[in-house]
Amino acid sequence: NPSVPVVQLLELMGMHRVFQFASRSLAGNTGKERPILVIEDELIIRSIAHLILKPLGLPVLMAENGLEGLHTANLEHPSLIVLDYLMPLMDGAETLRRLKASETTRDIPVIVISSDAEVAAGDFQRFPGADLCLSKPFSPNEMRRAAARLIQGRTEALPAA
């Protein structure tokens, strides 16, 4: 359960109704469920992303920086990565570059989130390999729909086992 400050923030942002969405798993998901990985240094944004993505019915894992995120991605091979651009230790651009350079993680869809002015203006050229860029503050519905679309597209592209 989210902490009291997170719940209060969600209520202020009008996001407290996010819990009313169905939490069924995506159709066609068989076997071990591949989680969603959120790589974000700010606890409040990680918590909000978790609440937004949880209704998709997949486990949501968290990493506080790019190094931890790379390790988790290689270990868990998530179905989707939500990646912050500005982080300590390793920024989102370097994390994305390494994710796409690795044979293990190159095919995982990535949503980059950033409060960067260029991202807010729609300039995503600095994020080669990203499937989508969202500017902070992002719409919960937009993030959830984009995540579901990217995950569904990935599962449909996988060969039958």
Side-chain angles (χ1 to χ4, degrees), residues 15 18 21-42 45-87 89-161:
M15 292 174 48
V18 82
F21 291 91
S23 60
R24 64 177 174 77
S25 295
L26 295 169
N29 189 7
T30 59
K32 182 183 176 199
E33 292 183 331
R34 291 174 49 207
I36 298 169
L37 174 60
V38 176
I39 307 173
E40 164 66 60
D41 62 313
E42 294 182 45
I45 303 297
R46 282 196 314 269
S47 299
I48 290 170
H50 182 270
L51 291 172
I52 290 169
L53 298 169
K54 186 175 178 166
L56 295 177
L58 297 173
V60 180
L61 305 177
M62 304 291 175
E64 293 183 26
N65 58 62
L67 292 174
E68 183 182 334
L70 285 174
H71 176 74
T72 304
N74 280 300
L75 206 62
E76 299 289 337
H77 198 70
S79 57
L80 173 71
I81 297 173
V82 177
L83 175 64
D84 185 23
Y85 178 65
L86 296 173
M87 293 184 295
L89 302 181
M90 182 188 303
D91 69 10
E94 179 63 16
T95 304
L96 180 61
R97 188 190 68 69
R98 291 187 187 191
L99 285 166
K100 294 305 175 178
S102 168
E103 192 172 315
T104 306
T105 57
R106 77 173 50 142
D107 294 327
I108 300 170
V110 177
I111 298 175
V112 172
I113 56 175
S114 179
S115 57
D116 184 271
E118 291 177 21
V119 172
D123 180 8
F124 310 134
Q125 294 179 8
R126 290 184 299 160
F127 308 105
D131 294 87
L132 181 69
C133 296
L134 296 175
S135 64
K136 294 178 189 176
F138 44 80
S139 157
N141 289 333
E142 181 183 6
M143 177 182 270
R144 189 179 310 104
R145 279 192 303 269
R149 187 177 67 247
L150 289 169
I151 293 167
Q152 193 67 30
R154 175 72 179 128
T155 57
E156 288 173 2
L158 292 174

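Just the heavy atoms: all of them, side chains too, but no hydrogens, waters or symmetry mates, feed the values below.
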Tell me every residue that passes side chain to side chain contact (heavy atoms under 4.5 Å, CB included) with Ala63, counting only those two or more places apart in sequence or in another chain. Leu37, Ile39, Glu68
Which atom of [X] lies closest to which atom of [Y], heavy atoms considered:
| X | Y | result |
| --- | --- | --- |
| Gly129 | Lys100 | O-CE, 3.2 Å |
| Leu56 | Ala147 | CD1-CB, 3.8 Å |
| Ala130 | Val112 | CB-CG2, 3.7 Å |
| Gly66 | Thr95 | CA-OG1, 3.3 Å |

Are the side chains of [X] and [Y] in touch, meaning some heavy atoms are under 4.5 Å apart?
| X | Y | value |
| --- | --- | --- |
| Ile81 | Ile111 | no |
| Thr105 | Arg98 | no |
| Met62 | Thr72 | no |
| Ser102 | Asn74 | yes |

Any salt bridge linking Arg46 with Glu42? Criterion: basic side-chain nitrogen under 4.0 Å from a carboxylate oxygen. no
If you round to the nearest 0.5 Å, how far is OG of Ser115 from CZ of Phe138? 11.0 Å
side-chain contact (heavy atoms from CB on, under 4.5 Å) evaluation trace for His77 with Arg34: CA-CA 7 Å; His77 198 70; Arg34 291 174 49 207; 3.3 Å; yes
Passing option when Val38 is tested against Ile48, Leu53, Leu61 for side-chain contact (heavy atoms from CB on, under 4.5 Å): Leu53
Take Ile151 and Leu58 through the side-chain contact (heavy atoms from CB on, under 4.5 Å) test and state the conclusion after the steps. CA-CA 10 Å; Ile151 293 167; Leu58 297 173; 3.8 Å; yes
